[in-house]
Chemist: 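First, the structure itself, so that you have it in front of you.
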Amino acid sequence: MADKSPAQRIIDVVRRIPRGQVAGYGEVAHRAGLPGRARLAAKVLSENTDPGLPWHRVVRSDGRIALPEGSKGFREQCQRLRADGVNVIKGRVRDLKVARTLDEQMWGPFES
DNA sequence: CAGGTGACTCTAC
DNA sequence: GGTAGAGCCACCT
C-alpha cells in the first residue's frame with residue numbers, strides 16, 4: 001500500500017509521532033519505507049511548511065537538535081519540545097532512551 | 001556528467 | 001564526553 005511520494009510518506013510518519021515523544025531522522029525515514037534516507041527526511045522537514053506538522057519531534061540519532069544552535073528553528077524546536085513535556089538540555093533531548101523504548105512498545109518492531 | 005551541499009549516521013581515536 | 005573521517009542519498013549548479 002501507500003503509493004505516495006517519499007516526501008509525503010515522511011510527512012505522514014512525522015505527523016503521527018505522539019506528543020511527548022521524539023524520533024530520529026533515520027527512524028522516520030525507515031518507517032516511511034525509505035531506509036538510509038535520513039538526509040532526505042531532513043530535507044523534507046526543512047522544506048516543509050505545514051504548521052500542524054510536529055517536525056520539532058524529530059531529532060538526530062544522538063538526541064540532539066539537528067539545527068544550528070542559536071538559529072530561529074533551533075529555539076522554536078526547543079520551546080515546542082518543552083511544551084510537549086520533553087526534557088531538553090543544551091540542545092539535547094534527555095528522554096531519548098525512554099522515547100525510543102516507548103516507540104518500540106507502541107509502534108512495534110518495524111514495518112507499517 | 002562532475003562537483004558542491006545538507007535539519008544525517010556510523011566507526012575510530 | 002568530544003572531534004575526525006568516510007559513507008550515504010537527493011538535489012542544485
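Bear in mind the structure is a predicted one, so any value in this text is a computation, not a measurement. By convention in this document, chain letters (A, B, ...) are assigned in the order of the sequence lines, proteins followed by strands, and residues within each chain are numbered from 1.
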Chemist: Within the structure, does a side-chain N or O atom of S46(A) lie under 4.0 Å from either OP1 or OP2 of dA7(B)?
Modeler: no

Chemist: Nearest 0.5 Å, please: how far is CG in L34(A) from CZ in R39(A)?
Modeler: 15.5 Å

Chemist: Looking only at non-hydrogen atoms, find the nearest pair between V59(A) and Q77(A) and report the distance.
Modeler: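 Heavy atoms only, the tightest pair is CG1-NE2, 3.8 Å.
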
Chemist: Rounding to the closest angstrom, what is the interatomic distance between dA12(B) and dC8(C) at atom P?
Modeler: 15 Å

Chemist: Using the P atom on both, measure dA7(B) against dT13(C) and round to a whole Å.
Modeler: 16 Å

Chemist: Tell me, which of residues 65-86 of chain A have any heavy atom that sits under 4.0 Å from an atom in DNA chain B?
Modeler: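 Correct list: A66(A), L67(A).
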
Chemist: Whole-Å distance between dA7(B) P and I11(A) CD1?
Modeler: 17 Å

Chemist: If you only use heavy atoms from C-beta on, which nucleotide in dG2(C), dC9(C), dA7(B) is closest to the side chain of R37(A)?
Modeler: dC9(C)

Chemist: Kindly say whether G52(A) contributes a backbone atom to a donor-acceptor pair with the side chain of D50(A) at under 3.5 angstrom?
Modeler: yes

Chemist: Identify whether any heavy atom of L40(A) sits under 4.0 Å from a base atom; if not, whether one sits that close to sugar-phosphate; answer base, sugar-phosphate or nothing.
Modeler: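 Sugar-phosphate, no base atom in range.
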
Chemist: Quick check for you: to the nearest 0.5 Å, what is the distance between I10(A) atom CD1 and L45(A) atom CG?
Modeler: 7.5 Å

Chemist: For E69(A), which residues count as a side-chain hydrogen bond (donor to acceptor under 3.5 Å, both in side chains) partner, sequence neighbours excluded?
Modeler: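 Counting only residues at least two positions away or on another chain, E69(A) forms no side-chain hydrogen bond (donor to acceptor under 3.5 Å, both in side chains).
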
Chemist: For the side chain of R92(A), counting heavy atoms from C-beta on, which of dC11(C), dA7(B), dG1(C) is nearest?
Modeler: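 Taking heavy atoms from C-beta onward, the closest nucleotide is dG1(C).
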
Chemist: Identify which nucleotide among dC10(B), dC9(C), dA7(B) has an atom closest to any side-chain atom of R39(A), counting heavy atoms from C-beta outward.
Modeler: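 Taking heavy atoms from C-beta onward, the closest nucleotide is dC9(C).
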
Chemist: Nearest 0.5 Å please: distance from the CG atom of L67(A) over to the CD atom of E76(A).
Modeler: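 Taking CG in L67(A) and CD in E76(A), the distance rounds to 9.5 Å.
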
